[in-house]
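These notes concern the structure reproduced below.
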Amino acid sequence: MSAPTVTSVTAASPAARAGLAVGDELLSIGGQEPRDVIDFQRMTDAGDLSVLVRRAGAPLPRLVRVDKEAGEPLGVEVSSAVFDRIRTCDNHCAFCFIYQLPKGMRRSLYLKDDDYRLSFLYGNFTTLTRFTELDAERILTERLGPLFVSIHTTDPELRAHMLRNPKGATSLRWLQVLLDGGIEVHGQVVVCPGVNDGAAFEDTMAGILDVYPALASVGVVPLGLSRYSNEPDMRPHTEDEATGVLDTVHEWQRLFRKALGHRMVFAADEYYLLAGRALPPARHYEGFPQHENGIGMARAFVDSFNRPASGGPGGVRHGFFASVDAAPAEGYRASRLPVRPAGVDARAVTVLTGTYGARVLGPLVAAHPRRDITVHAVPNDFFGGNIGVAGLLTGEDVARALAGVPEGARCLLPDACLNDGRFLDGLTLADLSRPVEVVPTDGRSLRTALDGTTFRPECAA
Ligand code: SF4
């Protein structure tokens with residue numbers, strides 16, 4: 001078990017007044033060792049704390065008294081979200097994207113987590129195959145929700161087959177426990193053609209209605225397949241299959257509405273783009289419960305682009321693998337880049353995005369009064385396969401695309417491509433050959449950038 005290490009101290013905070021400093025390890029708080037930031041935040045929420053601190057160079061840890069009001073923030077950021085070990089996944093799914101990463105990427109990307117705490121903190125999906133009675137007890141006691149559970153199928157045998165783990169047949173019993181305990185849980189079905197689609201998918205919908213009607217929502221997403229997959233049975237959906245999935249989802253939405261009063265199940269935006277179907281209206285998404293999972297994001301983007309003053313989901317789209325590299329959990333839903341108004345910029349604009357994003361942006365830009373905006377669909381040559389989302393674009397792909405952008409044009413890039421300033425291949429904006437303006441991945445921010453407000457360039461050529 002490692003201790004939380006202070007990475008920043010807020011000026012004039014209780015931590016600053018008590019003399020805590022960057023690099024200090026907080027071994028215990030009130031005599032208890034925090035296992036993760038969930039514990040840490042609960043413990044530091046109390047008034048007046050005694051914190052056992054280990055400081056580099058000091059011979060022994062020392063007890064520091066921190067005077068603070070109950071509920072007042074301690075005023076430190078710490079280096080990690082989980083201080084004991086992240087629970088890794090014991091499944092071997094043929095559709096797992098981690099197995100489809102090329103060799104040589106940074107190590108943290110290869111971590112297969114199956115940890116309910118990362119589900120709570122970052123929205124990662126968990127299969128519950130490593131879930132325990134103690135975990136259930138903690139979640140129910142501390143009311144840790146919402147949580148996100150990978151269902152894939154409600155057929156035990158098929159689920160064990162898909163996860164390549166016998167525990168896959170039984171681990172959904174914990175989903176029942178969580179739902180019975182009143183925890184908000186959102187489910188996910190990754191549809192693999194020829195495996196859990198067709199009749200198996202219908203059975204899963206029936207199983208959800210029958211056994212898990214208390215789920216808050218279920219996202220239906222297509223498997224992503226990179227050119228590094230070694231799984232002969234995995235293949236992308238055809239257009240007809242995508243249409244079939246949409247038809248099944250829409251029929252089940254009707255049945256769920258009749259039985260439960262809400263649609264429950266929602267298809268990923270990719271299905272609509274792949275099938276060439278119009279995106280449903282915003283009300284269809286019933287509050288966008290799986291926006292961060294790429295469900296309703298395209299509709300929300302279009303609406304906030306066309307009506308920037310309207311409400312709708314926040315629109316923040318984090319990069320894939322958002323939880324790796326110790327991303328601060330409390331930043332999960334926060335916009336990472338402030339929009340900085342700085343007057344009108346009259347240069348022509350090129351908007352770089354993934355191939356799916358370009359299909360959404362194309363019609364919006366065509367209808368925009370400015371005639372000097374180009375949408376550049378950046379092919380994902382790094383991963384290949386059917387990978388078309390902006391969140392998986394790498395620095396290498398963007399660099400290649402930039403070479404084709406006319407001199408003098410402003411280049412805009414959605415922030416979904418970056419985690420903590422880095423692309424998935426480890427490149428940063430500074431590695432690109434020209435300045436790129438990073439825009440929060442929502443329609444309102446893009447509209448603001450196009451309508452005359454400039455953003456701070458993130459790197460110098
Ligand atoms: S459960 Fe998730 S992380 Fe684990 S093998 Fe399956 S897809 Fe990969």
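Worth saying up front: this structure is predicted, and the values here are computed from it rather than measured. Hydrogens, waters and symmetry mates are skipped; everything else that's a heavy atom, side chains included, is used. By convention here, the first residue in the shown sequence is residue 1.
In this structure, Glu231 pairs ionically with Arg164, as a charged nitrogen and a carboxylate oxygen lie closer than 4.0 Å. A salt bridge between Arg235 and Glu241 is present, with a side-chain N of the basic residue lying under 4.0 Å from a carboxylate O of the acidic one. Under 4.0 Å is where a charged nitrogen must lie from a carboxylate oxygen, and between Arg422 and Asp420 no such pair does.
Applying the 6.0 Å contact sphere to CG of Asp180 captures more than 12 heavy atoms from other residues, nucleotides or ligands.
The two residues Pro236 and Leu223 make their nearest non-hydrogen contact at CA-CD2, 4.4 Å. A pairwise comparison of heavy atoms in Tyr228 and Pro102 identifies CZ-CB, 3.5 Å as the closest pair. The two residues Val78 and Pro4 come nearest to each other via the heavy atoms CG1-CB, 3.8 Å. The minimum heavy-atom distance between Asp442 and Phe301, with the atom names listed, is C-CE1, 3.5 Å. Closest approach of Ala275 and Thr243 over heavy atoms only: CB-OG1, 3.5 Å.
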Pair His284-Glu286, side chain to side chain donor-acceptor pair (under 3.5 Å): steps then yes or no: CA-CA 6 Å; His284 168 103; Glu286 299 181 345; over 6 Å; no
When you look at Asp45 and Arg42, which way does the salt bridge (Lys or Arg N to Asp or Glu O under 4.0 Å) test go after all the steps? CA-CA 5 Å; Asp45 207 37; Arg42 181 175 46 77; over 6 Å; no
Check step by step if side-chain contact (heavy atoms from CB on, under 4.5 Å) holds for Val220 and Val265. CA-CA 7 Å; Val220 176; Val265 57; 3.4 Å; yes
Under the criterion salt bridge (Lys or Arg N to Asp or Glu O under 4.0 Å), I'd like the reasoning laid out for Arg117 against Asp115: C-alpha separation, chi angles, the key distance, then a yes or no. CA-CA 5 Å; Arg117 296 169 299 179; Asp115 194 316; 3.0 Å; yes
Kindly indicate, with the supporting measurements, whether the criterion side chain to side chain donor-acceptor pair (under 3.5 Å) is fulfilled by Ser217 and Gln290. CA-CA 8 Å; Ser217 72; Gln290 299 226 8; 3.0 Å; yes
Going through the checks in order, is the side-chain contact (heavy atoms from CB on, under 4.5 Å) test met by Thr350 and Leu412? CA-CA 6 Å; Thr350 295; Leu412 308 185; over 6 Å; no
If you apply the rule ring-ring contact (aromatic ring centres under 6.0 Å, His included), what do you find for Tyr272 with Tyr356, and how did you get there? CA-CA 10 Å; Tyr272 291 94; Tyr356 283 131; over 10 Å; no
Would you sort out whether Asp135 and Arg87 count as a salt bridge (Lys or Arg N to Asp or Glu O under 4.0 Å), showing the intermediate values? CA-CA 12 Å; Asp135 298 334; Arg87 201 141 338 140; 2.6 Å; yes
Using the rule given for side-chain contact (heavy atoms from CB on, under 4.5 Å), can you reason through Leu402 versus Val398, listing the C-alpha separation, both sets of side-chain angles and the distance that settles it, and then say yes or no? CA-CA 6 Å; Leu402 282 175; Val398 173; 4.2 Å; yes
Test log, rule salt bridge (Lys or Arg N to Asp or Glu O under 4.0 Å), inputs Arg277 and Asp247: CA-CA 11 Å; Arg277 288 257 187 102; Asp247 288 342; 2.6 Å; yes
Would you please test Asn124 and Ser119 for side chain to side chain donor-acceptor pair (under 3.5 Å) and show each step? CA-CA 4 Å; Asn124 290 10; Ser119 184; over 6 Å; no
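Residues Arg35 and Val82 form no side-chain contact, since every pair of their non-hydrogen atoms from C-beta on lies 4.5 Å or further apart.
Between Phe95 and His152, the ring center distance clears the sub-6.0 Å criterion. Between His237 and Tyr271, the ring center distance clears the sub-6.0 Å criterion. Between Phe148 and Tyr116, the ring center distance fails the sub-6.0 Å criterion.
By the side chain to side chain donor-acceptor pair (under 3.5 Å) test, Arg159 is found to be paired with Ser171, residues two or more places apart in sequence or in another chain being considered. Under the side chain to side chain donor-acceptor pair (under 3.5 Å) criterion, His161 pairs with no residue, sequence neighbours left out. Partners of Glu142 according to the side chain to side chain donor-acceptor pair (under 3.5 Å) rule, which considers only residues two or more places apart in sequence or in another chain, are Arg138.
The aromatic rings of Phe40 and Phe83 stand perpendicular to each other, their planes meeting at an angle above 60°, with 30° marking the opposite boundary. Ring geometry for Phe288 versus Tyr285: interplanar angle under 30°, hence parallel rather than tilted (30 to 60°).
With a 6.0 Å cutoff to the six-membered ring centre and a 45° limit on the axis angle, Arg263 does not count as a cation-pi contact of Phe256.
Between atom CZ of residue Arg143 and atom CD1 of residue Ile183 there is a gap of 4.0 Å, rounded to the nearest 0.5 Å.
Screening Val436, Val378, Thr353 for a side chain to side chain contact (heavy atoms under 4.5 Å, CB included) with Leu413, the sole residue that qualifies is Val436.
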